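Every number for a ligand or one of its atoms is a count from 1 in the order of the listing. The first residue in the sequence is number 1, and the count goes up from there. Just so it is clear, the structure is predicted and the values come from calculations on it, not from any experiment.
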Amino acid sequence: MKRLAGKAALVTGAGRGIGAAIALAFAREGASVVLAELDIDTAQQTAAHIKAQTGARVLAVRTDVTQSASVQQAVSEAEQAFGAVDVLVNNAGINVFCDPLTMTDDDWRRCFAVDLDGVWNGCRAVLPGMVERGTGSIVNIASTHAFKIIPGCFPYPVAKHGVIGLTRALGIEYAPRNVRVNAIAPGYIETQLTHDWWNEQPDPAAAQQATLDLQPMKRIGRPEEVAMTAVFLASDEAPFINASCITVDGGRSALYHD
Ligand SMILES: NC(=O)c1ccc[n+]([C@@H]2O[C@H](COP(=O)([O-])OP(=O)(O)OC[C@H]3O[C@@H](n4cnc5c(N)ncnc54)[C@H](O)[C@@H]3O)[C@@H](O)[C@H]2O)c1
């Protein structure tokens, strides 16, 4: 029996990277999957790929997680296509790495709009149905920045700390209705986001090597490795895991010295 058989899942930011890997892993495990993504072209390509690979029911819906109406619309389309949404993964996120005192108001706002408001917009869109049905699993993609700070990366970690707070608050609020809300905190994962960050550094190759040197396992993570954890949290294998965060970073955040 597939681990998500019969479930409908919605994954935000699923056109590429970690979100795409989660959508593929969910489809492999028997879920019907909605890719709720700002870049609809990428989402449609990824949806076609997942369909071809798995034979699952897959739908791409243009969604801007910063707009609550857009997320509500995506959930409505998901419900029309596949029935009630059993699993939500709030994955869409952006890096906003600034010096606090030279950061603009716009930097602050766009970071929180995607990285924290976006997560709340997703939760708010699915929670009424989950609470009513007495079942549901929400997985929020946080980051090791949710409990570790790198100077010059402001205000991304502030928003990611907020994602953990939101996860814990909603997990407790709706536990009596059997709705579980958990987070995953990935460390460095091999995605376009990470390559973009390396490419912005004065010496991209040196920046990449420096990142690898910091890793206890001497490599960074793969999107599939985050996806495996998302499958577990979304599935019925984690019925008593709630308001928690699972770190997927190869041990990096446990390391005291660089
Ligand atoms: N890559 C890493 O090393 C890493 C580490 C820790 C946490 N994370 C988190 O994992 C998540 C995914 O990261 P990734 O590396 O796959 O990033 P990515 O940039 O490769 O993919 C993010 C996707 O989100 C989409 N998106 C951006 N804004 C959106 C919006 N407003 N509405 C809907 N979709 C939107 C993008 O179009 C893109 O397809 C993010 O929340 C990120 O903060 C990533």
Looking at Ile22, Leu233, Thr12, which hits side chain to side chain contact (heavy atoms under 4.5 Å, CB included) with Val89? Ile22
Logged contact type for Val65 with ligand 1, heavy-atom cut-off 4.0 Å, is both
Which residues pass the salt bridge (Lys or Arg N to Asp or Glu O under 4.0 Å) test with Arg133, sequence neighbours left out? none
Is it true that the side chains of Thr247 and Asp249 contain a donor and an acceptor less than 3.5 Å apart? no
What protein heavy atom sits nearest atom 11 (C) of ligand 1, and how far away is it? Asn91 O, 3.1 Å
If you count heavy atoms of other groups shown closer than 6.0 angstrom to CD of Gln201, is the number above 12? yes
Give the residue, atom name and distance (to 0.1 Å) of the protein heavy atom nearest atom 6 (C) of ligand 1. Pro186 O, 3.2 Å
Find all atoms of ligand 1 within a distance of less than 4.0 Å from any non-hydrogen atom belonging to Thr194, and give their numbers and elements. 1 (N), 2 (C), 3 (O)
Backbone, side chain, both or neither: what part of Ala142 comes under 4.0 angstrom of ligand 1, heavy atoms only? backbone
May I ask you to list the atoms of ligand 1 that are less than 4.0 angstrom from any heavy atom of Tyr188? 3 (O)
I'd like to know whether Arg62 forms a salt bridge (Lys or Arg N to Asp or Glu O under 4.0 Å) with Glu37, so could you lay out the CA-CA distance, the side-chain angles of the two residues, the decisive distance to 0.1 Å, and finally the verdict. CA-CA 5 Å; Arg62 190 192 177 277; Glu37 164 65 59; over 6 Å; no
When distances are taken from atom 24 (O) of ligand 1, the protein heavy atom at minimum range is Gly13 CA, 3.4 Å
Do any nitrogen or oxygen atoms of Ser143 lie less than 3.5 angstrom from nitrogen or oxygen atoms of ligand 1? no
Flag Ile189 as yes when one of its N or O atoms lies below 3.5 Å from any N or O atom of ligand 1, and as no otherwise. yes
re atom 20 (O) of ligand 1, the protein heavy-atom contact at minimum distance is Arg16 NE, 2.9 Å
Would you say the ring centers of Tyr156 and Phe97 fall short of 6.0 Å from each other? yes
Go through the side-chain N and O atoms of Asp41 and Gln45 and say whether any donor and acceptor fall under 3.5 Å apart. no
For Thr42, state whether at least one heavy atom is located under 4.0 Å from any atom of ligand 1. no
How far is atom 14 (P) of ligand 1 from its nearest protein heavy atom, and which residue and atom name does that atom have? Thr191 OG1, 3.7 Å
Of all the non-hydrogen atoms in the protein, which one sits nearest to atom 27 (C) of ligand 1, and at what distance? Ile94 CG2, 4.1 Å
The protein heavy atom nearest to atom 36 (C) of ligand 1 is Glu37 OE2, 3.4 Å
With the threshold set at 4.0 Å, does a side-chain nitrogen-carboxylate oxygen contact exist between Asp236 and Lys7? yes
Does Asp64 have a non-hydrogen atom less than 4.0 Å from ligand 1? yes
So does Arg3 have more than 12 non-hydrogen atoms from other groups sitting under 6.0 Å from CZ? yes
Which option out of Gly93, Ala43, Gly19 puts a heavy atom nearest to atom 22 (C) of ligand 1? Gly93
Close approach of Lys160 to ligand 1, heavy atoms, under 4.0 angstrom: yes
Using distance alone, with no hydrogens and no angle criterion, decide if Glu190 and His195 have a side-chain donor and acceptor under 3.5 Å apart. yes
contact_flag Gly187 ligand 1 heavy-atom lt 4.0 Å: yes
Short N or O distance, Asp39 and ligand 1, threshold 3.5 Å exclusive: no
In this structure, would Leu10 and Leu35 fall into the same cluster of hydrophobic residues linked by side-chain contacts under 4.5 Å? no
Trace of the side-chain contact (heavy atoms from CB on, under 4.5 Å) decision for Arg180 with Ile138: CA-CA 6 Å; Arg180 298 180 296 107; Ile138 297 176; over 6 Å; no
What do we get for Ile18 next to ligand 1 when only non-hydrogen atoms under 4.0 Å count, side chain, backbone, both or neither? both
Tell me, which protein residue and heavy-atom name are nearest atom 8 (N) of ligand 1, and how many Å apart are they? Tyr156 OH, 3.8 Å
Could you check whether Thr167 and Asn140, counting side-chain N and O atoms only, form a donor-acceptor pair closer than 3.5 Å? yes
